[in-house]
Amino acid sequence: MTITITAFERSPDGGKGLARDTRVRWALEEVGQPYDVRLVSFRDMKEPAHLRLHPFGQIPTLEEDDLVLFETGAIVLHLAQSRPGLLPDDAHARARAIAWMFAALNTVEPPILDIVVVKFQEGDKPWAQERLPLVMDRIRARLVQLAARLGDAEWLDGAFSAGDLMMVSVLLRLRPSGLLDEFPGLAAYVARGEARPAYQRAFAAQWAVNAAPPPAA
Ligand code: GTB
C-alpha cells in the first residue's frame, strides 16, 4: 500500500519545519512507513481537485488506498492506531496518550496560533500592539501548567507517544517568539523530540523541498 501526503510546494517558513506536513512526516517516520509527497502551490490548494481531498483547501492531506484524510490530528491518530510505535498497548495508557494529542491541538496550540493572527493578520490594526502582550501571557499561563505536569520526566506519560509528537510539534511553533526559552524544561523536552532520528529524517525531507534554491527559469 502506498501513502501519499500533500505539502507546500514551497513553505513560507523556508524550511524551518513549521508547516504541518512536518508532524505527519514525523509520524510516518516513527512508524517506519514509506510515503510519497505531492507538492501543491497556494493556488492548487483552492482548486477542485485538492478541495475534494481537503474541504478547507489546506495541507497536509493523506491518501492511503481509498482513504483520504485531512487534519493533522486525524492523520497522526490514524497512523498511530494502524501501525505499532506511537501508542502504548495498555488501553488506559493509550487513551491518555490520545488525550495529550487533543491537549496539544485544542488547549496548547490555539493561543500559540494567536501570535500569527495578531502579528500578521491584525498587525495593522491600532490595537494590535496592545493585544500582543495579552496573547503572550495567555501562552505563558499554559506553558507554566504544561511544564509543571512534565516536571523532570522525559515524556508526558511514560514512553514517547503520539501525544509527545503532537505536543513537541505544537511547541516548535513558539521558537521564533523566544517564549520557549523562558521554560528550560519545555525547551529540553522539545530538543529531545527534535533529536529523535525519525524527526531528523522528517525535518530533512521537508528541508530538501523548502530550503532548496528555486529552479532556474
Ligand atoms: N487544523 C489543520 C491541521 O492541523 O491539519 C490546519 C492545517 C493548516 O493550517 N494548513 C496550512 C495551510 O494549508 C499550512 S500549515 N495554509 C494554507 C491556507 O490555509 O490557504 C500552517 C503553517 C503555515 C506556514 C507556516 N510558516 O510559514 O511558518 C507555519 C504553519
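Atom set for the values below is all heavy atoms of this structure, side chains included, hydrogens, waters and symmetry mates excluded. Just so you know, ligand 1 is whichever comes first in the structure, and atom 1 is the first atom listed for that ligand. Just so you know, residue 1 is the first one in the sequence shown, and it goes up from there. These figures come from a predicted structure and were not determined experimentally.
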*F8 contact mode with ligand 1 (heavy-atom cut-off under 4.0 Å)*: side chain
Quick one: look up the protein heavy atom nearest [atom] and list residue, atom name and how far away it is.
{"atom": "atom 11 (C) of ligand 1", "result": "I59 O, 3.8 Å"}
{"atom": "atom 6 (C) of ligand 1", "result": "R20 NH1, 3.4 Å"}
{"atom": "atom 4 (O) of ligand 1", "result": "T72 OG1, 2.6 Å"}
{"atom": "atom 1 (N) of ligand 1", "result": "E71 OE1, 2.8 Å"}
{"atom": "atom 29 (C) of ligand 1", "result": "L18 O, 3.5 Å"}

*Is the closest side-chain donor-acceptor distance between R25 and Q206 under 3.5 Å?*
no
*Between E30 and R196, is there a side-chain N and carboxylate O pair less than 4.0 Å apart?*
yes
*Under 3.5 Å between some N or O of ligand 1 and some N or O of R23?*
no
How long is the gap from [atom1] on [X] to [atom2] on [Y], to the nearest 0.5 Å?
{"X": "R138", "Y": "I112", "atom1": "CZ", "atom2": "CD1", "answer": "13.0 Å"}
{"X": "M101", "Y": "D164", "atom1": "CE", "atom2": "CG", "answer": "11.0 Å"}
{"X": "L105", "Y": "E71", "atom1": "CG", "atom2": "CD", "answer": "8.5 Å"}
{"X": "Y199", "Y": "R23", "atom1": "OH", "atom2": "CZ", "answer": "10.5 Å"}

*Taking atom 7 (C) of ligand 1 as the point of reference, which of H54, M166, Q58 owns the nearest heavy atom?*
Q58
*To which of T6, L105, D13 does the heavy atom nearest atom 27 (O) of ligand 1 belong?*
D13
*If the plane angle is over 60° it's perpendicular, under 30° parallel, otherwise tilted; pick one for H54 and F56.*
perpendicular
If you count the atoms of ligand 1 from 1 in the order shown, which ones are under 4.0 Å from a heavy atom of [X]?
{"X": "F42", "result": "17 (C)"}
{"X": "P12", "result": "27 (O)"}
{"X": "K46", "result": "18 (C), 19 (O), 20 (O)"}

*asked:* Can you tell me if R149 has over 12 outside heavy atoms packed within less than 6.0 Å of its CZ?
replied: no
*Going by heavy atoms, is K16 under 4.0 Å from ligand 1?*
no
*asked:* Taking W207 as the starting point, is it possible to reach F8 by hopping between hydrophobic residues whose side chains are less than 4.5 Å apart?
replied: no
